[in-house]
Visitor: 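Once you've had a glance at the structure underneath, I'll fire off some questions.
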Amino acid sequence: MSKPSPISTKSSNSKRDAVPLLDLHRQYQTIRDKVLAAVERVCASQHFVLGKEVELLEDELAAFTGAAAAVGCASGTDALWLALVAAGVKSGDAVITTTFSFFASASAITRTGARPILVDVDPHTLNIDVAQVEAIFRQKRCYKIRAILPVHLFGQCADMDSLQQIAEEFHIPIIEDTAQAIGASWKERPAGSLGVAAAFSFYPTKNLSAYGDAGLVTTVDPEMAEHMRRLRNHGSPRRYLHEEMGWNSRLDAIQAAILRVKLPYIQKWNEQRRERAKHYDTLLAQAGLMPKGEPPIKPLQTSPQAHHVFHQYVIRAERRDDLRNVLTDRKIGTEIYYPIPLHLQPCFAYLGYLEGDLPVSEEAAREVLALPMFPELREDEQKWVVESIAEFYS
Ligand SMILES: Cc1ncc(COP(=O)(O)O)c(C=O)c1O
């Protein structure tokens, strides 16, 4: 492999400021007054669970995604569970998802009593490999597949055209895991309206984030929405009547009020993420880190149909762990999403997957590295990150 030519590192010195993976303080400074006013509004109302703020957020997010309805809940994990149950997934069924995701994509399936069928990913985007999904449907199988759960990983939609074709042919609902992809779209159709239902997370690190845990499901089906409203409140259509097993997954009014402050900014913030991603592409190319052939750094690819919102900017890096250590020494924040694919997690041993079964994900787990990414990330910080990477490979 040819070595890339290093860019100038004259500006490097150990006294450089740290570059965090994510800095929420910068965002807070720009919206502080509005956030505090929203919290005060809820405190003045003394209405802390569900209620008007949650209903308004649900309406606003349904409008934002083009869905028929939205149902707020306690977390993205619960949002997945609510969507699966409302789509009819139950004990003994199976649901197809990707092995290269956060744990909740699969644990929400097991919580319904169903079995996750984990498939490998496309090597360029790390989104679910649709050919493998199709192959599973065409195989003789002993499980009733009740849903497909694609994850829009790192802010980019999975290949929804191909998935929709499979879903139509086999009459199977798609439930989007949209935890990382608010504001993303596929052929200009917003994530959140590409399947029968979609689960959003507003965990504090997400592109649209609460000040605690929060989640929401969007759906094209108003009846599913009503079902999820009952499920999130102990399966209860009215007080002290429980028609089915539900859970407490109600959304707090304070979280909803804060999310309502932030929602009008999300398109601008996503655009800033996209600009920063483009700038990384340019800097990495200028640094000679991505020559044709066998480059030491490979950014993930964006599908032409996808509007990517860069929840994460992820590279695949040769000698990833050594690179990460060097960046950590320089106080440059990085993260590995995900070091162990789900099929190799100890708790999923009962599914029977072995090392080598899903090789693209296993290789990705050894190579991926997320670089600092947030709307307020400065150009000089990005330059320092790339200079440091170039120095490592020089
Ligand atoms: C892909 C994916 N799915 C589901 C979740 C679960 O969301 P939450 O943390 O809000 O429960 C997350 C959050 O980390 C996620 O990244």
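Any value given below was found using the heavy atoms of this structure, including those in side chains, with hydrogens, waters and symmetry copies removed. Whatever order the structure lists them in is the order used to number ligands and atoms, beginning at 1.
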Visitor: Hey, can you tell me if Tyr211 and Tyr28 have their rings parallel, tilted or perpendicular (30° and 60° cut-offs)?
Guide: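 Perpendicular.
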Visitor: Looking only at distances, please establish whether an N/O atom of ligand 1 is found under 3.5 Å from an N/O atom of Asp177.
Guide: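 For ligand 1, there is an N or O atom that lies under 3.5 Å from one belonging to Asp177.
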Visitor: Should Arg115 and Asp93 count as an ion pair when the cut-off is N to O under 4.0 Å?
Guide: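 Salt bridge absent between Arg115 and Asp93.
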Visitor: Tell me which one of Leu342, Ile109, Leu344 satisfies side-chain contact (heavy atoms from CB on, under 4.5 Å) with Leu118.
Guide: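 Passing option: Leu342.
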Visitor: In terms of the angle between their ring planes, are Tyr338 and Phe100 parallel, tilted or perpendicular, with boundaries placed at 30° and 60°?
Guide: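 Ring orientation, 0 to 90° scale: perpendicular.
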Visitor: Any atoms of ligand 1 less than 4.0 Å from a non-hydrogen atom of Lys206? List them with their elements.
Guide: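 It comes down to these atoms of ligand 1: 12 (C), 13 (C), 14 (O), 16 (O).
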Visitor: Over 60° means perpendicular and under 30° means parallel, so classify the ring planes of Phe137 and Phe170, tilted if in between.
Guide: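 The rings of Phe170 and Phe137 lie parallel, inter-plane angle below 30°.
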Visitor: Report the member of Gly215, Ala214, Ser201, Ala104 with the shortest heavy-atom distance to atom 10 (O) of ligand 1.
Guide: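 Residue with the shortest heavy-atom distance to the ligand atom: Ser201.
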Visitor: For ligand 1, is there an N or O atom under 3.5 Å from any N or O atom of Gly76?
Guide: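 N/O-N/O distance below 3.5 Å exists for this pair.
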Visitor: For atom 15 (C) of ligand 1, what is the closest protein heavy atom, and at what distance to 0.1 Å?
Guide: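 Going by distance alone, atom 15 (C) of ligand 1 is nearest to Ala179 CB, 3.5 Å.
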Visitor: Tell me the protein heavy atom at minimum distance from atom 12 (C) of ligand 1, and give that distance in Å.
Guide: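 Of the protein heavy atoms, Phe102 CD2, 3.5 Å lies nearest.
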Visitor: Are any of the N/O atoms on Thr77, whether in the backbone or the side chain, positioned under 3.5 angstrom from an N/O atom of ligand 1?
Guide: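 Between Thr77 and ligand 1, an N or O pair is found under 3.5 Å apart.
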Visitor: Ligand 1 and Ser101, any nitrogen or oxygen pair closer than 3.5 angstrom?
Guide: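 Between Ser101 and ligand 1, no N or O pair is found under 3.5 Å apart.
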Visitor: For ligand 1, indicate whether the residue Val151 contacts it via side chain, backbone, both or neither (heavy-atom separation under 4.0 Å).
Guide: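 The side chain, only.
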Visitor: Who's the nearest protein heavy-atom neighbour of atom 16 (O) of ligand 1, and how far?
Guide: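 That would be Gln180 NE2, 2.9 Å.
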Visitor: Taking Arg276 as the fixed residue, which of Arg378, Met373, Glu379 is the one that meets the side-chain contact (heavy atoms from CB on, under 4.5 Å) rule?
Guide: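 Option passing the side-chain contact (heavy atoms from CB on, under 4.5 Å) with Arg276: Met373.
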Visitor: So, Lys268 and Glu271, do they make that salt bridge, N to O below 4.0 Å?
Guide: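 No salt bridge links Lys268 with Glu271.
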